[in-house]
There are 2 protein chains.
Amino acid sequence: MPDLIEVFREHGYEGASLSLIGARTGLGKGSLYHFFPGGKEEMAASVLAEIDAWFEHRVFAPLRGDPDPEAAIAAMFQATDLYFRSGARMCLIGIFALCDARDRFAGAIHGYFATWTQTLAEAMVRSGRNPGEARDIAEDIVGGIQGALVLARAVNDPGVFARALRRLAVRGGGLSSVRHRDTQP
Amino acid sequence: MPDLIEVFREHGYEGASLSLIGARTGLGKGSLYHFFPGGKEEMAASVLAEIDAWFEHRVFAPLRGDPDPEAAIAAMFQATDLYFRSGARMCLIGIFALCDARDRFAGAIHGYFATWTQTLAEAMVRSGRNPGEARDIAEDIVGGIQGALVLARAVNDPGVFARALRRLAVRGGGLSSVRHRDTQP
DNA sequence: GTCTATAGAGTGATAGAC
DNA sequence: GTCTATCACTCTATAGAC
């Protein structure tokens, strides 16, 4: 249900009223409660699960399984730029992490960010970094992406996100970073 | 009104109901509407203004006026760590930037982040960096702080914020960064 | 008939304004 | 405290598929 995702993304959990959801999806309350007997909370949970599945398939699994970890990391940055529309689209899970109902979804929110950070760090270890440095850089990247999305929205300039992604990609082991490491003593 | 700030910080704009605000501040609705004739929106606006004033006094003004820009930047990191309680406290303005009512407060939100980024970049220029690099690093730091706060809350680990602040301080021209620059060709 | 999807009036509770 | 609007939600009725 892409419309459902967008209502929550644009209005947050409390802002996404059932009347808004109904208007946007074209579904009456009967249909909504037929598909989601648990009401609004179940709708939001299914949205979080859908997003998590997208990232699992497009980002986390490649980071885990790709025999070339540096290529997987580069692909991650590309997928991220695509998903967030170069900074024009917010991260719904980040929005939920800050909203008043965050405790109800703490598991999904924690899982998303923890998995991202961990699979990214592991890919970096496989590409030759030591574990401590890898965790540090992974946190830098995942946090940097979130912060850039907030900042881009706050100052209404998607360019903030583009510049941030470029910096983070270099730190994450883009080509320039590899070359840089190779020239170190 | 520190209680008012905390209600909005903990519950967001939509989550901070008048009954919650009344309970926390000990004020009845009559008193609240006497102090804030504009209702909830005026309460939130005054909270944003109060936070902006704190940062203006403790962060932005020193960044602008201190004859030693590197000391001002170091003081900024210290004030930031103190203000956000080493990652245990969220940024209210970041929360407002993502909530459904964000458009009503767009001016204050934009002003806060734009001023922080700009005064920080200018301090870096005064400490010897070129303007383009300074803006890039300033965006990295201000965005990195926001992202670290979100990530720290999402995975329930304030250590994320502490590690991020340490990385960002180095990039911003902490002592180690200066030493590093001095040893470059 | 049964099952699934839908519509929408109506519920009590609570919101913010005054 | 009183007001009205709106909230999430329930329930009954009904449509067509099989």
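Chain A is the first sequence line, chain B the second, and so forth, proteins listed ahead of strands; every chain is numbered from 1.
Residue B:His11 contributes atom NE2, which lies 12 Å from atom P of C:dA15 at whole-angstrom precision. Distance A:Leu20 CG to D:dA8 C1': 13 Å, rounded to the nearest Å. Spacing between atom CG of A:Leu18 and atom C1' of C:dA9 amounts to 15 Å, rounded to whole angstrom units. The NZ-C1' distance, from A:Lys40 to D:dA8, rounds to 8 Å in whole Å. Rounded to an integer number of Å, the gap from B:Leu27 CG to C:dC18 P is 18 Å. Rounded to whole Å, the distance from CD1 on B:Ile21 to P on C:dG16 is 7 Å. Rounded to a whole Å, the CZ atom of A:Phe35 is 9 Å from the C1' atom of C:dT4. Taking atom CG on A:Leu32 and atom C1' on D:dC9, their separation rounds to 11 Å, with Å as the unit.
In this structure the side chain of A:Val59 never reaches within 4.5 angstrom of the side chain of A:Tyr83, judged on heavy atoms. No side-chain heavy atom of B:Met90 sits under 4.5 Å from any side-chain heavy atom of B:Phe84.
When the nucleotides C:dA7, D:dC9, C:dT4 are ranked by their closest atom to the side chain of A:Tyr33, D:dC9 comes out on top.
The aromatic rings of B:Phe105 and B:Phe96 sit tilted, their planes meeting at an angle between 30° and 60°. In this structure, B:Phe55 and B:Tyr112 have perpendicular ring planes: the angle between them is above 60°, well past the 30° mark.
For B:Glu122 and B:Arg129, the salt-bridge test fails: no basic side-chain N is under 4.0 Å from an acidic carboxylate O.
Remark: of the listed residues A:Glu42, A:Glu14, A:Glu41, A:Glu41 is the sole one forming a salt bridge (charged side-chain N to carboxylate O under 4.0 Å, His left out) with A:Arg104.
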Where do N or O atoms of nucleotides 2-6 of chain D meet protein N or O atoms at under 3.5 Å, pair by pair?
none

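With DNA chain D read from its 5' end, the first of the two nearest nucleotides for A:Gly30 and B:Gly30 is the one closest to B:Gly30.
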